[in-house]
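Just so we're clear, the structure is a prediction, and the values are computed from it rather than from any experiment.
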Amino acid sequence: MSWKEALRAVAADLEQTIDGNRLTLPFPDRRRALIVPYRGIGRANELLLRGRVIADRKITRGREAEPLWRNLVNAYRRFQSDELAGVPIRASYRDAVVESVTDEEGHFQIRLQPELMDESKMWHEVQLSGAGSTATAQALIPPAHAEFGIISDIDDTIVETGATSLRTMMQTVLLRNAAMRTAFDGVADLYHALHRDANPLFYVSSGPWNLY
């Protein structure tokens, strides 16, 4: 077992210990439920979406460099998430409406099959609601004139992470926010040139959903 696999195993065991009693409806405290949609994918007359419902822990968005203590607090809150299981989720896009239910980790999956699709758009917005909360999810449908797709890693490909060093990676995850990450020179220009407002880009990562 590599150190990365060992680290993931330890993290999974730790999460199981912390989340021994996952939250279910009715919500037991005053924090509001938060729907966290992940970007989805689609094709003609079909949209696939995933997301998660968790208790809102007031994690601040990394728009600028923040003090060390705030980054540590936010990192703790991300990993010590309180998932909401058994939450009915309603998704709607034009003429299609689908309902799903979150699993024990708060995850849900949605498959929509609308008859009315706006083919002039690459990104399509899906409205989500559940547990007194709402959110807008986005799903990508590559246009017919796309020439190819780009599949790219993120860590040490787009931004410097130090993924080969446990110490450097932990410092990046725990002590920095998104605004403090350093992108490699020229990567943004290269991807824009490849994209050409038509060719889709897909990003892959082995990081936990908590860091999405």
Are [X] and [Y] packed together at the side-chain level, in the sense that at least one heavy-atom pair is separated by less than 4.5 angstrom?
X	Y	answer
P37	L128	yes
Q113	Y93	no
S152	L201	no
T134	I35	no
V36	V53	no
P88	E99	no
D189	V187	no

Rounded to the nearest 0.5 Å, how far apart are [atom1] of [X] and [atom2] of [Y]?
X	Y	atom1	atom2	answer
M122	D197	CE	CG	7.0 Å
I110	F108	CD1	CZ	6.0 Å
S92	L112	OG	CG	8.0 Å
D118	I141	CG	CD1	9.5 Å
S206	D153	OG	CG	7.5 Å
S81	R57	OG	CZ	8.5 Å

Test of understanding: clusters of I, L, V, M, F, W, Y form through side-chain heavy atoms closer than 4.5 Å, transitively. Do [X] and [Y] belong to the same one?
X	Y	result
I89	V97	no
V98	V101	no
Y191	F148	yes
L190	I158	yes

Within the distance-only criterion (no hydrogens, no angle test), does the side chain of [X] pair as donor or acceptor with the backbone N or O of [Y] below 3.5 angstrom?
X	Y	value
N71	L174	no
T136	E125	no
D82	I54	no
R52	E105	yes
R77	K58	yes
N74	I59	no

Do you know which two heavy atoms are closest between [X] and [Y], and how far apart they sit?
X	Y	value
L49	Q138	CD2-O, 3.8 Å
V87	G130	CG1-C, 4.4 Å
L47	A139	CD2-CB, 3.8 Å
A85	E104	CB-CA, 3.9 Å
V126	A91	CG1-CB, 4.0 Å
T102	L84	OG1-O, 2.9 Å

H107 and Y38 aromatic ring geometry - parallel, tilted or perpendicular at 30°/60° bounds: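 Answer is tilted, since the angle falls between 30° and 60°.
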NE2 (H195) with more than 12 external heavy atoms under 6.0 Å: yes
More than 12 heavy atoms from other groups under 6.0 Å of CZ on R94: yes
Got a list of side-chain donor-acceptor pairs under 3.5 Å for residues 176-186, not counting sequence neighbours?
from	atom 1	to	atom 2	distance (Å)
N177	OD1	A179	N	3.1
N177	OD1	M180	N	3.1
N177	ND2	E64	O	2.9
N177	ND2	E66	OE1	3.3
R181	NH2	D155	OD1	3.4
R181	NH2	T161	OG1	2.8

Audit row: V159, I154, side-chain contact (heavy atoms from CB on, under 4.5 Å) steps and yes/no: CA-CA 6 Å; V159 294; I154 298 174; 4.1 Å; yes
Residues in side-chain contact (heavy atoms from CB on, under 4.5 Å) contact with F202, at least two apart in sequence or another chain: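 Here the qualifying residues are I41, L140, I151, P200.
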Basic-acidic side-chain contact under 4.0 Å: R196, E147: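 Judged by the 4.0 Å cut-off on N to carboxylate O distance, R196 and E147 do form a salt bridge.
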Side chains of S100 and Q109, donor plus acceptor under 3.5 Å: no
Check against side-chain contact (heavy atoms from CB on, under 4.5 Å), Q127 and R90: CA-CA 8 Å; Q127 304 305 315; R90 179 184 176 90; over 6 Å; no
Charged tip of R39 within 45° of W123 ring normal and under 6.0 Å: yes
Test side-chain contact (heavy atoms from CB on, under 4.5 Å) applied to R32 and L34, step by step: CA-CA 6 Å; R32 72 183 182 95; L34 186 66; 3.6 Å; yes
